[in-house]
Amino acid sequence: MKDFSELITVRRSHRKFTDEAVGEEQLRSIMRAALMAPSSKGLHSYEFVTVTDPKTIGHLSRCKQIGAELLAGAPLAIAVLGDAETSDAWIEDASVAATMMLLQAEDLGLGACWVQVRERKDAEGRDAEDNVRRLLSIPPKYRILCLIAVGHKGAERKPQNEERLKWEKVHSEKW
Ligand SMILES: Cc1cc2nc3c(=O)[nH]c(=O)nc-3n(C[C@H](O)[C@H](O)[C@H](O)COP(=O)(O)O)c2cc1C
């Protein structure tokens with residue numbers, strides 16, 4: 001286990017994976033982290049669909065025009081959903097859960113990458129959410145924020161560059 005400061009420094013988006021499957025315990029740890037995420041009013045408006053079938057993951061990699069191709073090489077994809085009827089903060093709830101999953105994956109030594117679905121379209125102009133909904137039989141009331149690709153890292157990536165942190169974005173006391 002890395003300490004938290006190290007964890008957030010070495011976490012990067014990984015888009016290349018080996019063929020090795022993500023273990024059941026590893027998947028359970030990632031989902032455990034998601035379920036521990038804070039949520040608005042404690043409503044837990046998120047839901048998740050884990051996918052390991054390569055054919056389905058292949059279809060998911062074409063759910064939008066650009067930026068989802070990396071899924072094709074991932075042994076695991078996790079759809080992060082939200083119930084907009086339960087919470088007006090479903091995007092925030094789902095985003096925090098997705099972030100927890102990215103960090104837990106890194107802590108396990110796995111690579112992961114967020115693939116945005118909400119507000120994206122495929123090459124024919126179809127809504128990416130509709131494409132994912134159809135592929136994973138997701139009921140209409142749930143929205144689809146993103147897919148998280150997870151796998152064993154196919155390449156190392158450099159840690160965050162401390163020198164390039166945008167400290168000018170941090171305003172003290174007033175803007
Ligand atoms: C809201 C959000 C949407 C993203 N969507 C995609 C995506 O669709 N495809 C992709 O390859 N990476 C996606 N990423 C990953 C970013 O490209 C990545 O986090 C950013 O370039 C910084 O790199 P790092 O994660 O290695 O620090 C997304 C990240 C976030 C937070």
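Remember, it's 1-based here, ligands and their atoms both numbered in the order they're listed.
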Give the atom numbers and elements of ligand 1 that come within less than 4.0 Å of a heavy atom of [X].
X	answer
Gly67	7 (C), 8 (O), 9 (N), 10 (C), 11 (O)
Cys113	10 (C), 11 (O), 12 (N)
Lys64	7 (C), 8 (O)
Arg11	24 (P), 25 (O), 27 (O)
Leu70	11 (O)

Heavy atom of protein inside 4.0 Å of atom 16 (C) of ligand 1, strictly below: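 Yes.
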With a 4.0 Å cut-off, strictly under, does atom 28 (C) of ligand 1 pick up any protein heavy atom? yes
Where Arg157 and Ser13 come nearest, the two heavy atoms and their spacing: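 The answer is NH1-O, 2.8 Å.
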Trp90 and Glu92: side-chain donor and acceptor closer than 3.5 Å?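 Glu92 and Trp90 do not have a side-chain donor-acceptor pair below 3.5 Å.
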Is there a donor-acceptor contact under 3.5 Å linking the side chains of Ser40 and Asp93?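 Ser40 vs Asp93: no donor-acceptor pair found between side chains.
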Between Arg12 (side chain only) and Lys158 (backbone N and O only), is there a donor and an acceptor less than 3.5 Å apart?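 Checked: pair present.
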Do other residues, nucleotides or ligands put more than 12 heavy atoms under 6.0 Å from the [atom1] atom of [X]?
X	atom1	answer
Asn161	CG	yes
Leu165	CG	yes
Lys141	NZ	yes

Judged by non-hydrogen atoms, does Arg157 sit under 4.0 Å from ligand 1? yes
Tell me whether ligand 1 is touched by Arg120 - counting only heavy atoms on the residue side and a distance under 4.0 Å.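 Per 4.0 Å heavy-atom rule, Arg120 does not contact ligand 1.
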Shortest protein heavy-atom distance from atom 19 (O) of ligand 1, along with the residue and atom involved: Ser13 OG, 3.2 Å
